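Worksheet for the structure shown next.
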Amino acid sequence: MDTSIAELFNLDGQVALVTGGAKGIGQGVAEILAAAGARIAVADTDIETAAATAKALNDQGRTALAVGADTSDEASVKNMVTAIMDEFQRIDILVNNAAIYPMARLAEMETALWDKVLGVNLRGPFLCTRLAAEQMIAGGRGGRIINISSINTARTYLGMAHYDASKGGLNAFTRASALEYAPHKITVNTLAPGAVKTPGSLRVRSNLAKEMGHDTTEPLDAAFAEKIPLGDWAQPVDIGQAVLLLTSRAAHYITGQLIYVDGGLMLMM
Ligand SMILES: NC(=O)c1ccc[n+]([C@@H]2O[C@H](COP(=O)([O-])OP(=O)(O)OC[C@H]3O[C@@H](n4cnc5c(N)ncnc54)[C@H](O)[C@@H]3O)[C@@H](O)[C@H]2O)c1
């Protein structure tokens, strides 16, 4: 072997686009990929937080650009890709992470809410994939696309039908796009996190805790941690490290796969 192990995980010179990169899992992904040497585009609807996340990376000596973007909107995705190409002239890695998960039971679910969730969680990855892959193909260096799905494609809980459908669709989309982009040496894989402490999951945990009569999420979080074979919730960087694995040269022959990053939760539920 003429490559060192460290070299396999070195992303120097590469550019990674992380959607929903301002906070939560996306921020953890941005941190890890930046630490591996990639220049990062932090794309988010929450431009203020995206700017703060990019600034924190730049202050650490990394290179990051904040881009305001709504991934469910085609014009916005086009503008986002243009802004990244203007700044960095290439895209090597796309992490389709942005998603929303507002809970609603089917009996009360407005069609507009269904469409919104499917728009962000499924149309978004489609738009970002098509436009980022175009740049990867033009660059001729291959590429890596990682779709952030969920254990919710195989398990569920009340109020998540729209979300589950979007993530199930995303898993299928991974397989189809892996096949179509393989001739261009672009790999496409899915990571399915289990339980991760993020601002998004905090909203869900707070609502559940309130329903159960708790003032804080602590009792709920602790009880849930006991169900996880590896003993605790994931932190966003744990998902970031799994993303690094799939973006590394070590993973160049892996495509179309779904990997659970759940501390073994799927073994138990
Ligand atoms: N937190 C968990 O336990 C968990 C578990 C399984 C899967 N996931 C998945 O991980 C990903 C990240 O989840 P999280 O918990 O970090 O969420 P989060 O709500 O904490 O962060 C999501 C980020 O995406 C941004 N965003 C939302 N809609 C957007 C849009 N249309 N365009 C661009 N940016 C947008 C938000 O502003 C936010 O910064 C999602 O795909 C989610 O489905 C999370």
Side-chain angles (χ1 to χ4, degrees), residues 17-31 41-54 66-81 83 94-103 115-128 146-157 160 162-171 173-174 190-206 208 217 220-221 224-225 227-228 232-240 242-243 258-263 265-266 269:
L17 160 56
V18 184
T19 70
K23 51 181 153 340
I25 290 174
Q27 184 181 12
V29 171
E31 257 176 53
V42 179
D44 210 292
T45 40
D46 178 356
I47 183 63
E48 255 175 49
T49 311
T53 298
V67 190
D70 174 353
T71 55
S72 67
D73 180 84
E74 185 161 7
S76 181
V77 174
K78 280 186 178 157
N79 289 340
M80 169 185 77
V81 169
L94 164 66
V95 185
N96 280 315
N97 166 77
I100 51 173
Y101 39 102
M103 293 174 88
D115 287 346
K116 184 159 196 236
V117 170
L118 271 287
V120 176
N121 299 7
L122 192 53
R123 186 172 62 232
F126 154 65
L127 292 170
C128 294
I146 290 96
N147 294 325
I148 305 298
S149 182
S150 169
I151 56 168
N152 266 54
T153 56
R155 301 286 186 271
T156 192
Y157 46 95
M160 298 299 273
H162 45 4
Y163 179 79
D164 296 357
S166 71
K167 294 297 188 179
L170 185 61
N171 292 1
F173 179 66
T174 294
T190 302
L191 289 179
V196 192
K197 286 206 169 156
T198 65
S201 75
L202 181 61
R203 279 193 296 275
V204 174
R205 288 181 280 132
S206 299
L208 292 176
T217 64
L220 194 84
D221 291 351
F224 200 77
K227 291 190 185 171
I228 302 172
D232 209 351
W233 288 67
Q235 296 298 328
V237 289
D238 296 322
I239 312 304
V243 170
L258 162 65
I259 301 173
Y260 291 103
V261 189
D262 67 348
L265 195 53
M266 284 287 291
M269 286 171 74

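None of the values given here were measured: they were computed from a predicted structure. When a ligand or atom number is given, it counts from 1 through the structure's own listing order.
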Tell me: protein heavy atom nearest [atom], and distance?
| atom | answer |
| --- | --- |
| atom 3 (O) of ligand 1 | V196 N, 2.8 Å |
| atom 26 (N) of ligand 1 | T45 OG1, 3.7 Å |
| atom 25 (C) of ligand 1 | D44 OD1, 3.2 Å |
| atom 21 (O) of ligand 1 | K23 O, 4.0 Å |
| atom 17 (O) of ligand 1 | Y101 OH, 3.6 Å |
| atom 44 (C) of ligand 1 | I25 CD1, 3.5 Å |
| atom 6 (C) of ligand 1 | P193 O, 3.5 Å |
| atom 40 (C) of ligand 1 | N97 O, 3.1 Å |

| said: Are L191 and I146 packed together at the side-chain level, in the sense that at least one heavy-atom pair is separated by less than 4.5 angstrom? | reply: yes

Looking only at distances, can you tell me whether any N or O atom of [X], backbone or side chain, sits closer than 3.5 Å to an N or O atom of ligand 1?
| X | answer |
| --- | --- |
| A99 | no |
| T198 | yes |
| I151 | no |
| T71 | yes |

| What part of S149, side chain, backbone, both or neither, has a heavy atom within less than 4.0 angstrom of ligand 1? |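 For S149, only backbone atoms sit under 4.0 Å from ligand 1.
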
| field | Residue part near ligand 1, for K167, under 4.0 Å between non-hydrogen atoms | value | side chain

Check ligand 1 against [X] and write out every atom of the ligand that is under 4.0 Å from a heavy-atom position of the residue.
| X | answer |
| --- | --- |
| R203 | 19 (O) |
| V120 | 28 (N), 31 (N) |
| D46 | 37 (O) |

Polar side-chain atom of [X] near backbone of [Y] as donor-acceptor pair, under 3.5 Å:
| X | Y | result |
| --- | --- | --- |
| N171 | G168 | no |
| T53 | A22 | yes |
| K78 | D73 | no |
| N97 | T19 | yes |
| D44 | A50 | no |
| T198 | G24 | no |

| query | In terms of heavy-atom contacts, does NZ of K116 have more than 12 from other residues, nucleotides or ligands at under 6.0 Å? | reply | no

| request: Say whether P199 and ligand 1 are in contact under the criterion: heavy-atom distance to a ligand atom below 4.0 Å. | output: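 P199 counts as a contact of ligand 1 under the 4.0 Å cut-off.
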
| field | Which residues share a ring pair (Phe, Tyr, Trp, His ring centres under 6.0 Å) with Y101, sequence neighbours left out | value |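 Listed in chain order: Y163.
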
Shortest non-hydrogen separation from [X] to [Y] and the atoms involved:
| X | Y | result |
| --- | --- | --- |
| M160 | N152 | CB-ND2, 3.8 Å |
| T71 | A98 | OG1-CB, 4.0 Å |
| V117 | H162 | CG2-CD2, 3.5 Å |

I'd like the name of whichever of [options] reaches closest to [atom] through any heavy atom.
| atom | options | result |
| --- | --- | --- |
| atom 19 (O) of ligand 1 | G194, G200, S166 | G200 |
| atom 33 (C) of ligand 1 | A69, A22, G20, P125 | A69 |
| atom 43 (O) of ligand 1 | W233, Y260, Y163 | Y163 |

| request: Let me know which of I239, N147, V243 forms a side-chain contact (heavy atoms from CB on, under 4.5 Å) with V95. | output: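 With V95 as partner, I239, N147, V243 yield a single side-chain contact (heavy atoms from CB on, under 4.5 Å), made by V243.
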
